[in-house]
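Per chain, numbering begins at 1; letters A, B, ... match sequence-line order. Any value given below was found using the heavy atoms of this structure, including those in side chains, with hydrogens, waters and symmetry copies removed.
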Number of protein chains: 2
Amino acid sequence: MDRAEVIQEILDNLRRIFQAINEYSRNAEKETGLTGPQLWAIKLLDETAPMRVSQLAEAMFLHPATVVGIIDRLENKGLVTRIRSQEDRRAVDLHLTQAGEDMAAQAPEVAQSMLIHGLNLLPAAEFHCVGEGMKHMVRLLGVEHLTPRPLRG
Amino acid sequence: MDRAEVIQEILDNLRRIFQAINEYSRNAEKETGLTGPQLWAIKLLDETAPMRVSQLAEAMFLHPATVVGIIDRLENKGLVTRIRSQEDRRAVDLHLTQAGEDMAAQAPEVAQSMLIHGLNLLPAAEFHCVGEGMKHMVRLLGVEHLTPRPLRG
DNA sequence: TATAAATTATTTGTATAGCAAATAATTTGT
DNA sequence: ACAAATTATTTGCTATACAAATAATTTATA
């Protein structure tokens, strides 16, 4: 197997990983009844609530107007509440309701869990290889410095 | 650095790769003026035209009704033509126009190219590590058998 | 202090994507 | 010849996504 073939295989495997993560997260969407962006917003709010609309928009790399719609739908489902800020009455603090927190806790991160679990069981040599391999890929793409954002579907 | 930290790092790097591919493909969208799905359809048609609507829908894992809309917009832009099949007059053969082929050729696959180029220059030991590392990741996700589909944004 | 400028969230308008169900045209099976 | 299946499309609905305009408020400036 020459190098060109191995490169093809590496790219194929990268595509498989992509696909797997997308499909697992699609399952999460079906289980929760939420869309991808809605689930993403919930997860972010679960990490760092309260958040303002502009702050959430920035974290999601979306236009604030888009986030307003997403929050509207989450509010209708009783997962998020808007509370006008006392210090700055232009601003709105977004909070998760109890149901929202339950949803965030329940929503599975299947791919992530599988990787964490599997990596833990890997023999040292293989484990080391995975770590180094990923580091190389990141370097080749020139994105070592990138702040990683959550995997989404 | 203990194993938990390395696992965190691996996940972070996976997120960086995801993000990089998404961003590079978003750039491709801006350059071409096409959306992600439109670009994806063009690429698939470029590989294997003529294709039927149902065939393209299957390849894109989308509902045929969705693909009809995408093809409508590509037809309006003069990139795709619909030709009623002679053998089966229910069916429609999708072709790329010259402009469509030009678009497919011009549309950059930046991330892919960077990886191919970079992997080629990698010393043998590191190269081997990348290949093995990716193989492990795929195995941990249980998707060795998955037919890889093109990376998209 | 009064007023201009900037900020924050929202509304409005437009386009795309996505699915399910119904429909029309055609082909295949009986 | 007629029923059943197939193929693309239409229709109706929802969710994203952005830009531009708007309203409310705060900050800066004259």
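- For the residue pair B:Asp102/B:Gln98, the side-chain donor-acceptor check at 3.5 Å is satisfied.
- In this structure, B:Leu94 atom CG and D:dT7 atom P are separated by 14 Å, rounded to whole Å.
- Following rounding to the nearest Å, B:Gln38 (CD) and C:dT16 (P) show an atom-to-atom distance of 7 Å.
- In this structure, CE of A:Met60 is placed 12 Å from C1' of D:dA15, rounded to the nearest angstrom.
- Of the residues B:Val143, B:Leu14, B:Leu146, the one that meets the side-chain contact (heavy atoms from CB on, under 4.5 Å) test with A:Ile17 is B:Leu14.
- Within the structure, a side-chain polar atom (N or O) of B:Ser54 is placed less than 4.0 Å from OP1 or OP2 of D:dA8.
- Comparing B:Val53 and A:Arg73 by the nucleotide of DNA chain D that holds the closest heavy atom to each, the one mapping nearer the 5' end is B:Val53.
- If you measure from atom CG of B:Leu74 to atom P of C:dA15, you get 16 Å, rounded to the nearest angstrom.
- In this structure, the CH2 atom of B:Trp40 is 13 Å from the C1' atom of C:dG18, given to the nearest Å.
- The line from CG of B:Leu122 to CG of A:Leu140 is 6.0 Å long, rounded to the nearest 0.5 Å.
- To the nearest angstrom, C1' of C:dG18 lies 13 Å from NZ of A:Lys30.
- Protein atom CZ of B:Arg84 is 15 Å distant from nucleotide atom P of C:dA24, rounded to whole Å.
- For D:dT6, the OP1/OP2 oxygens have no side-chain nitrogen or oxygen of B:Arg52 closer than 4.0 Å.
- Contacts of A:Thr66 with the nucleic acid, taken as non-hydrogen atoms under 4.0 Å apart, include base atoms.
- Residues B:Asn13 and B:Arg16 bring a donor and an acceptor atom of their side chains to less than 3.5 Å of each other.
- Taking for each of A:Ile70 and A:Glu87 the nucleotide of DNA chain D with the nearest heavy atom, the 5'-most of the two is the partner of A:Ile70.
- Heavy-atom nearest nucleotides on DNA chain C were determined for A:Asp88 and for A:Asp72, and the one closer to the 5' end corresponds to A:Asp88.
- Residue A:Ala65 is in base contact, counting any heavy-atom pair closer than 4.0 Å across all strands shown.
- Among C:dT10, C:dG18, D:dA17, the nucleotide with an atom closest to any side-chain atom of A:Leu62 is D:dA17.
- Side-chain atoms of A:Glu29 and A:Leu34, non-hydrogen and from C-beta on, never get closer than 4.5 Å to each other.
- Of the two residues contacting DNA chain C, namely A:Arg90 and A:His63, the nearest-nucleotide position lying further toward the 5' end is that of A:Arg90.
- Interface remark: the A:Arg89 side chain does not form any donor-acceptor pair with the D:dT25 base, using a distance-only criterion of under 3.5 Å.
- Per the geometry, CE belonging to B:Met51 stands 15 Å off C1' belonging to D:dT7, to the nearest Å.
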